[in-house]
Amino acid sequence: MRWSQAFIPTLRETPADAEVVSHQLLLRAGMIRQLASGIYSFLPLAWRVMQKIMAIIREEMNRIGGQEFHLPALHPAELWRESGRWEIMGENMFRLRDRRGSDLCLGMTHEEVFTAIARHELRSYKQLPQVWYQIQTKFRDEPRPRSGVLRVREFIMKDAYTFDLDWEGLDRAYRDQYEAYCRIFDRCGLKYLVVQASSGAMGGQESAEFMVLTDAGEDHIALCEECGYAANTEKATSRVSDVADADGLPAPEMFPTPGVRTIKDLEDFPGGAPADRQIKTLAYFLDDQFTLLLLRGDHELNEAKLAEATGATHIRPAHPEEIKAALGAYPGSIGAVGVTAYPILADFALRGRRNMVTGANRDDFHLRGVDVERDIRVTQWADLRLVKTGEGCPQCEGTLTIRKGLEIGHIFKLGTRYSESMGAYVLNQEGKAVPLVMGSYGIGVERVMAAAVELYHDEDGIIWPITIAPFQVLLVPVNMADEAQRAAAERLYADLLAANLEVLYDDRDERAGVKFKDADLIGIPIRVTIGPQKLARGQVEILRRRTRTVEDVALDTVVARVREIIEEETREVLAR
RNA sequence: CGGGACGUGGCGCAGCCUGGUUAGCGCGCUUGCUUGGGGUGCAAGAGGUCGCCGGUUCAAAUCCGGCCGUCCCGACCA
C-alpha cells in the first residue's frame, strides 16, 4: 500500500474525550473513530489488525475441530423466552418490534440460536461431539460504555459452543478450548493470566477468564504469588484471620449510641467496638424480596457472590424509607437480632462469633453481647465477602494482592442449562434421551487489539506485535524529491511486495520528521529508511520499532534481512 | 441507575462570571515560494447554525429553563 493513497488520518493531538492509552493511540493512529457512545468505526488500519486477530482465531478454532458458522444477529423473542433470558438480560438487551408487532432482539450472545439448531438437527450420540463457532457482532446496551473500544455496545466476538453427550466429553471440549485460547493469545503476543471466574448471566458450573493485567481493565483479580492462585474478585475467596471473642453476655443488651451511623462511628464511640467485632447489616431487595445481609464490620459485600449464592437476578439496596418501614429504624441503627419476618443471609466469617455489636432496629441504639448463632435466625450462610488485598490465599500460606485486569476471553462449562430449558436432547447408546452437555467460549476481538496497545506502546505510539501488526514493514524514503531515493524506494517496494511481505510505502512528499512521527505512532514493527548518505553507499537502514535497534543493510539483501527479522520478531512474540 | 464534568470550524483550546458592532488563538487543510534524517520557514486563503428548542432583553456564545449528546467515578460483561 502506498501511504499517499491510503486513508490513515493520524492526529497530532489527543482528543479530549480519550482517557485510556489504547483509546488515545487508536484514535491518533487513525484506526478508529467514534460514531456514538460505545459504537466505533474501524478504519482500514484497525480492520487489518482485526482481520489478523480473527485469522489466528480461525486457525486455532479449526485446529481443534471447530466449524465456522454465521448466525443472525436479529433474534425472535421466543427463543430467549424459552431459555428464560428474555427477562434475565433486562435492560442490557437491545429490543425491537417488527411491523407485525413481534418482539425481536439483537443478539448479545448466541447460546439460544446455536441450541435451537442443535435441538433440531442433533438426534444421536453418533453425531457428537460438535464444536461450532462464529465470529460475529454482538449487541449489548451497556449502562456505561467506556474506555474507547474496551467497553462498547456493539462489538465483534468469536463465540464457540460445544455439544457433548456427557460431562467427560464437556471436560475434553473445555480443555481443548482452553488450550486453543492459550495459543491464540500467545500468537497475538499478549501477556495474560487465566483466572477463576463467576458465570454470571451465562449460568453453568465452571468458568475461567483470560485476563490481561492493565490498569485500563475493569476487573479486579486476586493473585497469590506463592501458589499461583488467581481469581476474579467476583469469585475469589481468602483466609481471614480468626478473631478470638471473649465470652459475651447471657443476652444482647441495648445501649444508646446517639449520632452513630457508620461502622467507623461505632469504632470511635466510647463503649463501641472495633470493626471486626461489629456485625454489618445491609438491607437489599433480591427479586423483590426484602432481605438482610450480614457481614463482619470490616468486610464488604460482593454483589456477584450474593447473586450466585441466592440465584437472584434483580438485586438492589433498599432505600432508607423502605428500611425504616421494614425494621423500624433507619440505616445505621439496623440489625438482625430478633428479626423473623425476612430472610437473613450471613457471611461465613460471622459463623460462631460471639459478643458482637450491631444495630438495635431503634434509631440511635445498638446491641452489645450479640452471639450470632444464638441471637440471630440466619436463614442461609454464604460467602458474600469481597476479598481484599493483603488477605490470606485460600490455597496456601501466601498473601493475596488485587490487580486490575482486562477480560479478553471467557470460557464456560454450561452443562445442561440450555439444552434442558430449550429441549435439546439426543439418544444415547441405550436409546435414552439425554440433554446435550454444552460449553460456551468467547473472545472479544477488539479487546484483543486494544489490550495489545495497552501492553505495548511508548510515548511515541503503538508497538504492534508483528503477528497482528497492520503491516509488517514500513518503507520510508526520507525525501521523495530526491530522484535517487525515490527510485530506490520504488524498486524496494516492488521487491518487498514480490516477496509477499506486507509493506506500507510512505511515498508522501512530507519531511522526514513528519514521516518518522507517523511511523512511530502507527507502530509498524520494521521500518526501512532510505536516506541520502547511506543510499550513496548502496545501503538502507532497518529499524525495529520495539527495540529501536538500527542496522545498515545493503540494498540487494534488504528483502532477505527483512524476512529474517520477521521470523525473529515472531519468535519473540511467541516467547512472551 | 446514583455522583461529577463538558458541548464554540477537522483536532486542541480561549471568550461566558461582569450580555453590546467583523467570535479569537494554536494545530491541521488549500495555494505559492522555501526546506529536505525527527511535526521547516514565510506569505496568502478556505472553513463556525457557538449542541438543539424555548424564555428574559433594545441586544444572547455569554443570563434562565427544558431537551439532546459526550466523557469521567461507582454497581454490570467479551
Side-chain angles (χ1 to χ4, degrees), chain A residues 9-20 23 27-28 30 33-39 89-92 108-110 135-160 181 197-202 207 209-212 217-219 232 234 284 300-304 306-307 313-317 319 386 406-412 440-451 460 476-482 485 509-521 527 529-535 541 543 550:
Chain A
T10 58
L11 301 175
R12 284 198 183 203
E13 285 173 290
T14 303
D17 282 344
E19 198 98 339
V20 302
H23 190 198
L27 282 170
R28 286 195 55 213
R33 288 295 183 262
Q34 186 185 55
L35 184 63
S37 178
I39 306 179
M89 289 309 191
E91 303 241 83
N92 264 21
M108 306 176 67
T109 171
H110 281 72
I135 298 177
Q136 201 237 22
T137 305
K138 305 290 185 242
F139 298 89
R140 298 184 186 177
D141 195 1
E142 291 291 339
R144 193 181 149 219
R146 112 190 73 174
S147 305
V149 104
L150 292 182
R151 169 157 231 84
V152 290
R153 296 192 292 172
E154 174 179 336
F155 62 97
I156 297 176
M157 179 162 125
K158 186 288 301 183
D159 46 324
Y181 273 42
S198 153
S199 298
M202 287 299 172
S207 84
E209 289 169 325
F210 290 74
M211 292 278 190
V212 169
E218 304 177 291
D219 285 277
N232 195 308
E234 288 176 357
Y284 267 71
E300 273 177 65
L301 174 69
N302 180 333
E303 287 194 9
L306 175 61
T313 53
H314 294 290
I315 293 178
R316 70 168 176 89
H319 301 301
L386 185 68
L406 171 64
E407 181 185 2
I408 50 174
H410 199 160
I411 59 179
F412 300 85
S440 113
Y441 318 88
I443 293 176
V445 180
E446 42 270 81
R447 278 195 183 171
V448 172
M449 174 171 73
D460 296 313
V476 185
V478 147
N479 180 1
M480 287 300 286
D482 176 349
Q485 285 179 51
D509 185 19
E510 291 284 354
R511 292 175 53 93
V514 174
K515 292 187 176 189
F516 292 157
K517 287 287 183 192
D518 273 344
D520 289 344
L521 184 58
R527 189 180 93 193
T529 313
I530 302 174
Q533 269 101 48
K534 287 169 186 172
L535 182 61
E541 179 181 289
L543 173 137
V550 173

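Letters A, B, ... are given to chains in the order of the sequence lines, protein chains preceding strands, and every chain is numbered from 1.
Residue contacts shown for A/Ile408 are limited to sugar-phosphate atoms, with no base heavy atom under 4.0 Å away. Across all strands, A/Val152 comes closer than 4.0 Å to base atoms (heavy-atom distances). When heavy atoms are screened at a 4.0 angstrom cut-off, A/Glu303 is found touching the sugar-phosphate backbone but no base atom. Contacts of A/Arg33 with the nucleic acid, taken as non-hydrogen atoms under 4.0 Å apart, are absent.
Rounded to a whole angstrom, the distance from the C1' atom of B/C1 to that of B/G55 is 31 Å. A gap of 27 Å separates the P atoms of B/A43 and B/A14, to the nearest Å.
The CD1 atom of A/Ile315 sits 15 Å away from the C1' atom of B/C1 (whole-angstrom rounding). A/Lys138 places its NZ atom 14 Å from the C1' atom of B/C77, with the value rounded to the nearest Å. Rounded to whole Å, the distance from CG on A/Asp141 to P on B/C77 is 14 Å. Regarding A/Asn92, its CG atom lies at a distance of 12 Å from the C1' atom of B/A75, rounded to whole Å. Rounded to whole Å, atom P of B/C77 lies 18 Å from atom CD of A/Glu446. In this structure, CE of A/Met449 is placed 14 Å from C1' of B/A78, rounded to the nearest angstrom. One atom, CD of A/Glu407, and another, P of B/A78, lie 5 Å apart when rounded to the nearest Å. A/Met108 places its CE atom 9 Å from the P atom of B/C77, with the value rounded to the nearest Å.
For B/C63, the paired base is B/G55 (Watson-Crick or G-U wobble, both distances below 3.5 Å). Base pairing analysis places B/C33 opposite B/G41; the two distances defining the Watson-Crick or G-U wobble pair are each below 3.5 Å. Base pairing analysis places B/C16 opposite nothing; no Watson-Crick or G-U wobble pair with both distances below 3.5 Å involves it. Here B/C71 sits opposite B/G4 as a Watson-Crick or G-U wobble pair (both hydrogen-bonding atom distances under 3.5 Å).
Residues forming a side-chain hydrogen bond (donor to acceptor under 3.5 Å, both in side chains) with A/Glu407 (at least two apart in sequence, or on another chain): A/His410. With sequence neighbours excluded, the residues forming a side-chain hydrogen bond (donor to acceptor under 3.5 Å, both in side chains) with A/Asp219 are A/Asn232, listed by chain and number. Evaluation of the ring-ring contact (aromatic ring centres under 6.0 Å, His included) rule for A/Tyr181 yields A/Phe185, A/Phe210 as partners, not counting sequence neighbours.
When side chains are defined from C-beta on, A/Ile443 counts as touching A/Val448, because their heavy atoms get closer than 4.5 Å. Contact of the A/Leu27 side chain with the A/Pro15 side chain is registered, since non-hydrogen atoms from C-beta on lie closer than 4.5 Å. Taking the side chain as every heavy atom from C-beta outward, A/Glu91 and A/Pro143 never approach each other to under 4.5 Å.
Applying the side chain to side chain contact (heavy atoms under 4.5 Å, CB included) test between A/Phe516 and each of A/Val476, A/Leu543, A/Asp460, A/Leu521 identifies A/Val476 as the sole match. The side chain to side chain contact (heavy atoms under 4.5 Å, CB included) test with A/Met157 singles out one residue from A/Glu446, A/Gln136, A/Lys138, and that residue is A/Lys138.
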Nucleotide by nucleotide, nucleotides 25-38 of chain B touches protein heavy atoms under 4.0 Å in the pattern (B base, S sugar-phosphate only, - none) -BSS------BBBB

Base-contact (B) and sugar-phosphate-only (S) positions in nucleotides 68-74 of chain B, heavy-atom cut-off under 4.0 Å, - elsewhere: --SSBBB

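One can find a donor-acceptor pair under 3.5 Å joining the base of B/C77 and the side-chain atoms of A/Arg447.
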Please assess A/Lys515 against A/Glu510 for the test salt bridge (charged side-chain N to carboxylate O under 4.0 Å, His left out), listing each intermediate value before the final yes or no. CA-CA 7 Å; A/Lys515 292 187 176 189; A/Glu510 291 284 354; over 6 Å; no

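Annotation: side-chain hydrogen bond (donor to acceptor under 3.5 Å, both in side chains) contacts involving residues 144-154 of chain A, sequence neighbours excluded, comprise A/Glu142-A/Arg151, A/Arg146-A/Glu218, A/Arg151-A/Glu218.
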